[in-house]
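Okay, so here's the structure we're looking at.
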Amino acid sequence: MNEGSESCKRGLLAHRAGRLAEAQGFYERALELDPRCADAFHLLGVLKSDRGEDEAALALYDRALALKPAVPFFQNRAESCRRLGRLDEALKNLNEALAIQPKAAIFVARAAILRLLGQLSEAERDLWAAEARDPDAPGLAHQKGLLAVAQAVQAVKGSGREPQDFESSEEAQAHFGRAIGAFEAELTQNPDDPEALAALSALWAERGEPQKANQMARRALQLSGPTHRPAHPQSQPGASAPPPSVLAIHALSQQSFHLHPADGQVVLPKDTNLPQLLPPEFALTEVFLDALPQTLTIPRNAVIWNAVGEPGDAALAAAFLQKLPKMPVINAPEKVALTDREQNAQRLCDLYRVRFPKTLRVEAADGADLAEKLSALGFEPPFLLRRPGTQAGRSLKKIERFETLLGEHRAAFAGSFLAIEFIDFADRDGLYSKLRVFVVDGELCPSLYTTDAQWNIHAASRAHLMFERPDLQAREAAFVNDPESVLGAELCEALRTVAAREGLDVCGIDFALSPPDSERAVIFEVNAAMAQNPSRLRDFPYLRPAFQKLSSALARLMYARAGL
C-alpha cells in the first residue's frame, strides 16, 4: 500500500468516528502524495456532503470520476444531486452505475429517484429487480412503502377528488395497507428506524387510528432527537456581536406525522416552520417537549423560541422553561395560553376596523343536543363547526341547516366543538380571498393574499384559481410589497393592535376583507405559530420579498431579545 492509500485509510477511520476535520487532513495529505488519487477526491466529496455542502461535493466527485469511473462514485454523486433537487442528473448517474454493476442497492436508489420523478411503474420494476437480487437489500422495504404511498396519491388525483381526500378512495386505502406492511417489515429488521416509524404514524392517521399514529410519532421523535442546524457565518454589516443561538421548542400533543396531500411526503407535525426562516448565520436547534432526549445541551447565548402554538400545550412549554436558567423567551407561554379561538373572539371583538366572528365552545351528547344548545345560544345557520385544537380546515364544517345535525350521522356530532359565526366574505364576483400577515415585534410582515371559488381556503387552494389569474397574482404582489397601499393605514394599524392585545412577540393573523366596502378585517385566526410555506416560491416567485422581510424581522427580534 502506497503512502497516499494509507493516508486515505486513516482518513476513513477518522471520518467514520465523526472526526471530520482530522479526516479532511488525511484526505488532503493523500492528494499531496498522489494528485491522481481518485479515492481521496471521492472521500473528500463524501465529507463535504456530510457537512451539507453538496455543490462542493459534486465538483470533487467529478474529479474522482475523471480518474476512475467507479460505482460508489456514481452512487454518492447521485445522492448529492438528489438532495439538491437535480433528479434527472441523479438518474443519469445511477444508470451509469447499473451499467457497470447491476446491484440491488443501486436499483433501490434508482427506484427512489424514479418515484420522485413521478415514474411509478418504472420505480416498481426497479424494486422487483432489487428484490430478485437481494430480498433483504437495505432500504428495499422502505422504498416499497414510499412507492405505495405515492401510488395512493396518484389514485386520488386520478379520480378527480380533492388532493387530501384519501379516506374516500378504496384504491388509496389499499395502497396504504401495502405501505403499512412494507414499513412494518422494515421495522422487524431495524426496530429503531425513525423514518419508518414516522411513515407509519402518518399512515395510521390516514387509516383513522389517531392513538396508534400518535404513539408512533412519539417514538420516532424520541429516536431522532433534536434537529440541529449549525450556524453559517456571513458578513453582518453593522453587527457588533455574533447572532445568538436559537432553541425552538415544539409540542407533539395528540398530533401525528401526516401525509402532504399534494405529493404524499411524510411531514413533521410542527405548529410552525418560522424558526427555519431565520437567516443561516443563526444556529438553530428544534426539539419536541413531549419527546425530549435524556440530555439536551443549550448554548449559553441561546434565545428560547416558544414555537408551541396550541394554547392547550402552553403548560408543557411553561414547565420546560421553569427548569432553565433565566433566558430570553419569544412568546411567553402564559400569553399563548390565552389565544384559543373563543378567548380571541372575546378579547378582540371591540377593536376598530376589526370583526371577529362570534365563537363559543359547546359540549354535546349528539347532534340533537348540539342543535338545541346552539339554538339557545343564538346561533342560526349557516355557522361553522370545528373540533378544538385543529388547524388547516381539517375538521371545519359549514352547517347550512339544523337538520344536518339531526340525521343518521347525529352521533358524529358528539363531544366538544367550537361554533363559529359564518360571515360571508365573498366579493362581487363570488370569489373568496384570505390574507395572512405576521406581526414580529410590532412590525407588519405580509405573507399571502390568496383567492379561490370556495369559502374554505387552505394551502391546496393555490393550485387552482391563483395559477390561472395574473390579475390576482398582481394584487397579491402589491400586497406583499406594500400592504398599506392595499389595506390602508388604519387597517394596518388595527392588525398591529391585534398582535399587541395578544401580547405576543411573533404571531400570524388570517383574515378576509369584509365586503362590500373592504374597510374591516374579518379575523379567522390569530396564532403564535402559523407557517410560511417556502414551496410557494417555486410557482409564485413574486412572494420572495415577503419571505425576505419576515426573515429579517425575525433576525432583528432575536438580536433584540438577546440584548445584542
Side-chain angles (χ1 to χ4, degrees), residues 198 201-202 205 210-211 213-218 220-222 226-227 247-258 267-276 286-292 304-322 329-348 356-357 359-363 384-396 415-420 436 438-439 447 458-459 498-499 501-510 523-533:
S201 170
Q211 291 184 335
N214 179 256
Q215 179 185 18
M216 293 284 183
R218 288 175 186 271
L221 290 169
Q222 286 166 348
T227 59
L247 172 65
I249 56 176
H250 303 272
L252 182 62
S253 190
Q254 300 306 308
Q255 300 178 88
S256 63
F257 285 78
H258 61 273
V267 181
L268 187 65
K270 287 190 289 192
D271 287 351
T272 181
N273 66 334
L274 290 182
Q276 296 173 4
E286 298 189 80
V287 65
F288 279 82
L289 298 179
D290 34 13
L292 280 172
I304 311 299
W305 188 335
N306 174 30
V308 176
E310 177 54 45
D313 294 328
L316 188 64
F320 174 78
L321 293 174
Q322 285 177 355
V329 175
I330 303 297
N331 284 349
E334 61 270 21
K335 298 293 185 181
V336 175
L338 301 176
T339 60
D340 67 59
R341 294 173 190 271
E342 187 174 14
Q343 291 183 84
N344 279 342
Q346 295 169 1
R347 188 184 303 112
L348 305 172
F356 206 108
T359 304
L360 292 173
R361 186 168 181 146
V362 183
E363 301 284 341
L384 305 176
L385 289 179
R386 76 183 308 150
R387 294 288 186 181
T390 60
Q391 304 292 335
R394 283 178 175 260
S395 70
L396 192 62
S416 183
F417 285 92
L418 287 174
I420 304 168
R436 175 174 294 178
F438 292 94
V439 184
S447 171
H458 45 75
V498 167
R501 190 168 286 194
E502 297 284 69
L504 298 170
D505 302 298
V506 179
C507 73
I509 305 173
D510 280 351
I523 304 289
F524 301 139
E525 182 178 9
V526 184
N527 196 294
M530 284 188 183
Q532 173 79 315
N533 189 351

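Given the structure is predicted, the values throughout are model-derived calculations rather than measurements.
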Worked check of side-chain contact (heavy atoms from CB on, under 4.5 Å) between L274 and W305: CA-CA 10 Å; L274 290 182; W305 188 335; 3.8 Å; yes
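- Residues N527 and M530 have side chains in contact (heavy-atom distance under 4.5 Å, counting atoms from C-beta outward).
- With sequence neighbours excluded, no residue forms a ring pair (Phe, Tyr, Trp, His ring centres under 6.0 Å) with F257.
- For Q222, the side-chain hydrogen bond (donor to acceptor under 3.5 Å, both in side chains) test picks out no residue, with sequence neighbours left out.
- Partners of E363 by side-chain hydrogen bond (donor to acceptor under 3.5 Å, both in side chains), not counting sequence neighbours, listed by chain and number: S416.
- Side-chain atoms of N214 come within 3.5 Å of backbone N or O of Q255 as a donor-acceptor pair.
- Looking at F320 and L292, their side chains come closer than 4.5 Å, going by heavy atoms from C-beta outward.
- Put simply, the side chain of L252 reaches to within 4.5 Å of the side chain of L221, judged on heavy atoms.
- One distance of note links CG of N533 with OG of S447; it measures 9.5 Å at 0.5 Å rounding.
- Residues F288 and L268 have side chains in contact (heavy-atom distance under 4.5 Å, counting atoms from C-beta outward).
- To the nearest 0.5 Å, atoms NE2 (H250) and CG (N273) are separated by 9.0 Å.
- For N331 (side chain) and D505 (main-chain N/O), a donor-acceptor pair under 3.5 Å exists by modelled atom type.
- Annotation for A213 and S201: closest pair O-OG, 2.8 Å, computed over non-hydrogen atoms.
- One side chain, Q276 or E286, offers a donor N or O that lies under 3.5 Å from an acceptor on the other.
- Atom CD of Q343 has more than 12 heavy atoms from other residues, nucleotides or ligands within 6.0 Å.
- Closest non-hydrogen pair, A317 versus I249, comes out as CB-CD1, 4.1 Å.
- For T359, the side chain to side chain contact (heavy atoms under 4.5 Å, CB included) test picks out R341, A345, F356, L418, I420, with sequence neighbours left out.
- Legend: residues meeting side chain to side chain contact (heavy atoms under 4.5 Å, CB included) with L360, ordered by chain and number and at least two apart, are E342, K358, L377, F379.
- Within the 3.5 Å criterion, the main-chain N or O of Q532 finds no donor-acceptor partner in the side chain of R436.
- Annotation: cation-pi geometry not satisfied between R361 and F417 (NZ/CZ under 6.0 angstrom from ring centroid, within 45° of ring axis).
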CA sep, side-chain torsions, deciding dist, call: T339, N344, side-chain contact (heavy atoms from CB on, under 4.5 Å): CA-CA 6 Å; T339 60; N344 279 342; 4.1 Å; yes
Check against side-chain contact (heavy atoms from CB on, under 4.5 Å), V329 and L321: CA-CA 9 Å; V329 175; L321 293 174; 3.9 Å; yes
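- Residues L348 and V526 form a side-chain contact, since some pair of their non-hydrogen atoms from C-beta on lies under 4.5 Å apart.
- With a 4.5 Å cut-off on side-chain heavy atoms, I330 and N306 do not count as touching.
- Contacts of D340 classified as salt bridge (charged side-chain N to carboxylate O under 4.0 Å, His left out), with partners at least two apart in sequence or in another chain: none.
- Heavy-atom minimum distance, P275 versus A248: CG-CB, 3.8 Å.
- In terms of heavy-atom proximity, T272 sits nearest to A529 at CB-O, 3.2 Å.
- Between R218 atom CZ and S256 atom OG the span is 11.0 Å, to the nearest 0.5 Å.
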